Amino acid sequence: MPDRTEQTAHEAHSNIGSVQDHSGSPSALHDPVLAWYAVNKRELPWREPGAGAWAVMVSEFMLQQTPVNRVLPAYQRWLERWPKPVDLAAEAPGEAVRAWDRLGYPRRALRLHAAAQAIVERHGGEVPDDHAALLALPGVGTYTAAAIASFAFGQRHAVVDTNVRRVLARSLTGVAQPSISPTAADQRLAVSALPADEPTAARWAVASMELGALICTARTPRCADCPIRSDCAWVRAGSPPYDGPPRRGQTYEGTDRQVRGRLLAVLRAASAPVPKTELDTCWPEPVQRERALDGLVADGLVEPLSRGRYRLPA
DNA sequence: CAGTCGTGGTG
DNA sequence: TCACCAAGACT
């Protein structure tokens with residue numbers, strides 16, 4: 001437990017630049033969150049000391065929109081099979097899609113494969129430590145570039161994922177939920193909350209994210225166990241409910257995504273090319289079925305062969 | 001920039 | 001039960 005006395009009267013000189021009025025002071029959060037993390041962090045394979053940047057990168061790709069518990073087995077198998085970028089780069093992209101299993105969003109598998117090839121071609125087979133170089137890799141966006149640079153190389157970057165956006169929205173801005181999609185304001189807020197010192201900033205990045213994953217959760221936050229509850233602007237305001245616009249529910253039944261998922265499941269399970277007649281059994285409605293299959297081919301997830309047969313890309 | 005892209009666990 | 005949610009990227 002962090003040994004903090006009750007809030008040491010926040011100075012009234014509040015604001016940083018143009019960001020909205022935070023009722024909390026970012027620096028007041030650092031020590032409690034870091035201390036909490038030291039005690040409560042999960043032991044995850046990509047966090048082990050010898051994991052390396054490739055392990056971090058693989059985990060980050062898999063964790064894009066997929067929960068930790070579902071990533072773990074696929075992650076283990078992946079690194080066992082492809083311990084270095086060059087190992088994956090030498091494989092057919094379809095093997096990456098197959099090994100991706102049912103993690104969802106299989107284009108991530110394709111992008112990770114392409115990123116491995118780019119790492120071999122541009123960086124001698126080593127995951128680059130430069131933020132701009134990372135950002136230039138397929139499938140690496142603002143978040144993932146910062147995450148790899150911070151987690152794997154200890155650099156100082158604002159690592160802004162949905163967890164961090166929620167933690168900052170509550171603790172600093174005082175609202176129940178962050179904006180629906182990431183905004184420039186979120187990014188600025190995260191930058192302003194970053195410790196100045198590089199190693200401390202790197203620890204803050206994982207720690208604040210972990211806090212969002214374990215305590216400051218979306219549905220039912222465990223405020224009673226939160227190390228910064230006494231400094232949290234949202235708690236101080238009486239934990240007001242979310243009052244913004246309704247969040248779009250993501251329907252799945254009957255969508256192209258469901259059809260794509262079914263088609264790809266058949267192809268993943270097949271060791272030989274699959275006749276289209278077999279794929280046709282995946283979905284009764286022909287127009288949507290064709291559209292889904294065409295989409296998969298266009299995305300490079302499926303390769304059409306002669307005589308109406310299909311397979312994962314070679 | 002809003003839409004698209006999988007899958008499964010859960011409150 | 002069923003809507004909501006999970007370490008986003010890309011167009």
Side-chain angles (χ1 to χ4, degrees), chain A residues 41-42 44-47 55-75 97 100-112 114-115 134-152 157-168 176-184 186-187 190 205-214 216-222 242 245-268 282 288 291-292 294-296 298-302:
Chain A
K41 69 173 179 180
R42 290 168 292 180
L44 299 171
W46 46 87
R47 284 182 184 164
V56 171
M57 180 168 165
V58 170
S59 77
E60 289 305 332
F61 269 72
M62 292 185 168
L63 288 165
Q64 291 168 3
Q65 300 288 281
T66 303
V68 168
N69 50 2
R70 206 137 53 83
V71 161
L72 283 169
Y75 166 88
V97 174
W100 198 252
D101 198 37
R102 304 181 70 81
L103 290 180
Y105 295 141
R107 290 190 293 192
R108 290 181 293 164
L110 231 41
R111 291 175 184 148
L112 182 51
L134 286 165
L135 197 53
L137 296 173
V140 177
T142 308
Y143 161 76
T144 302
I148 296 171
S150 180
F151 301 162
H157 295 284
V159 183
V160 188
D161 77 325
T162 184
N163 288 308
V164 169
R165 293 201 308 120
R166 187 173 54 250
V167 167
L168 297 183
Q177 300 291 346
S179 51
I180 293 176
S181 55
T183 63
D186 293 336
Q187 192 70 26
V206 237
S208 56
M209 191 175 307
E210 188 79 334
L211 186 69
L214 299 183
C216 196
T217 56
R219 224 67 88 75
T220 314
R222 305 174 54 195
Y242 176 71
R247 320 209 142 206
R248 289 190 55 230
Q250 26 175 225
T251 54
Y252 181 63
E253 284 297 318
T255 61
D256 285 9
R257 289 154 76 180
Q258 183 180 25
V259 185
R260 288 166 57 108
R262 288 192 184 185
L263 292 169
L264 214 51
V266 170
L267 291 164
R268 269 199 311 262
C282 287
Q288 187 178 25
R291 185 173 64 232
D294 289 347
L296 287 170
D299 288 345
L301 285 163
V302 171

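This is a predicted model, so every value here is computed, not measured. So that the names make sense, note that chain A is the first sequence line, chain B the second, and so on, each numbered from 1.
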| task | Go through the structure and list residues passing side-chain hydrogen bond (donor to acceptor under 3.5 Å, both in side chains) with A:Arg166, not counting sequence neighbours. | result | A:Asn163
| 5′-ward residue of the pair A:Val140/A:Phe151 relative to DNA chain C | A:Phe151
Identify all side-chain donor-acceptor contacts of residues 62-74 of chain A below 3.5 Å with residues at least two apart in sequence or on another chain.
from    : atom 1 : to       : atom 2 : distance (Å)
A:Gln64 : NE2    : A:Gly139 : O      : 3.4
A:Gln64 : NE2    : A:Thr144 : OG1    : 3.0
A:Thr66 : OG1    : A:Leu103 : O      : 3.0
A:Thr66 : OG1    : A:Arg108 : NH1    : 3.3
A:Thr66 : OG1    : A:Arg108 : NH2    : 2.8
A:Arg70 : NH1    : A:Arg102 : O      : 3.1

| message | Counting the atoms with a prime plus P, OP1 and OP2 as sugar-phosphate, which does A:Val164 contact under 4.0 Å by heavy atoms, base, sugar-phosphate, or nothing? | response | nothing
| query | Quantified in whole Å, what is the P atom distance between nucleotide C:dT11 and nucleotide B:dG6? | reply | 14 Å
| remark: Residues passing the salt bridge (Lys or Arg N to Asp or Glu O under 4.0 Å) test with A:Arg247, sequence neighbours excluded, are none
| side-chain hydrogen bond (donor to acceptor under 3.5 Å, both in side chains) involving A:Tyr75 - partner list, sequence neighbours excluded | none
| field | Test salt bridge (Lys or Arg N to Asp or Glu O under 4.0 Å) applied to A:Arg219 - qualifying residues, sequence neighbours left out | value | none
| note | Hits for side-chain contact (heavy atoms from CB on, under 4.5 Å) against A:Ala145, two or more places apart or cross-chain, chain-then-number order -> A:His131, A:Leu134, A:Leu135, A:Val140
| With respect to A:Ser150, which candidate in A:Val206, A:Val159, A:Val56 satisfies the side chain to side chain contact (heavy atoms under 4.5 Å, CB included) definition? | A:Val159
| task | Answer with base, sugar-phosphate or nothing: what part of the nucleic acid does A:Thr162 contact at a heavy-atom distance below 4.0 Å? | result | sugar-phosphate
| message | Counting the atoms with a prime plus P, OP1 and OP2 as sugar-phosphate, which does A:Arg47 contact under 4.0 Å by heavy atoms, base, sugar-phosphate, or nothing? | response | base
| message | Need two values: the first and the last nucleotide of DNA chain C, 5' to 3', having an atom under 4.0 Å from any heavy-atom of chain A. | response | C:dC4 to C:dC10
| task | Just jot down the side-chain contact (heavy atoms from CB on, under 4.5 Å) partners of A:Thr255, sequence neighbours excluded, or say none. | result | A:Thr251, A:Tyr252, A:Arg257, A:Gln258
| task | Under the salt bridge (Lys or Arg N to Asp or Glu O under 4.0 Å) rule, collect the residues that match up with A:Asp256, sequence neighbours excluded. | result | A:Arg291
| When we call it a touch if two heavy atoms are under 4.0 Å apart, what does A:Pro182 touch: a base, just sugar-phosphate, or nothing? | nothing
| note | Nucleotide by nucleotide, nucleotides 4-11 of chain B touches protein heavy atoms under 4.0 Å in the pattern (B base, S sugar-phosphate only, - none) -BBBSB-S
| task | Taking all heavy atoms of A:Asp186 and all of A:Ser179, pick out the closest pair and write down the distance. | result | OD2-OG, 3.0 Å
| said: Over all strands shown, is A:Trp46 touching base, sugar-phosphate only, or nothing at heavy-atom distances under 4.0 angstrom? | reply: base
| Distance between the C1' atoms of C:dG8 and B:dC1, in whole angstroms? | 15 Å
| said: Which residues pass the salt bridge (Lys or Arg N to Asp or Glu O under 4.0 Å) test with A:Arg222, not counting sequence neighbours? | reply: A:Asp225
| Considering only heavy atoms, which members of residues 142-149 of chain A lie under 4.0 Å from some atom of DNA chain C? | A:Thr142, A:Tyr143, A:Thr144
| Integer angstrom distance from the P of B:dC5 to that of C:dA7 | 22 Å
| A:Leu137 or A:Arg42, whichever maps to the more 5' nucleotide of DNA chain C | A:Arg42
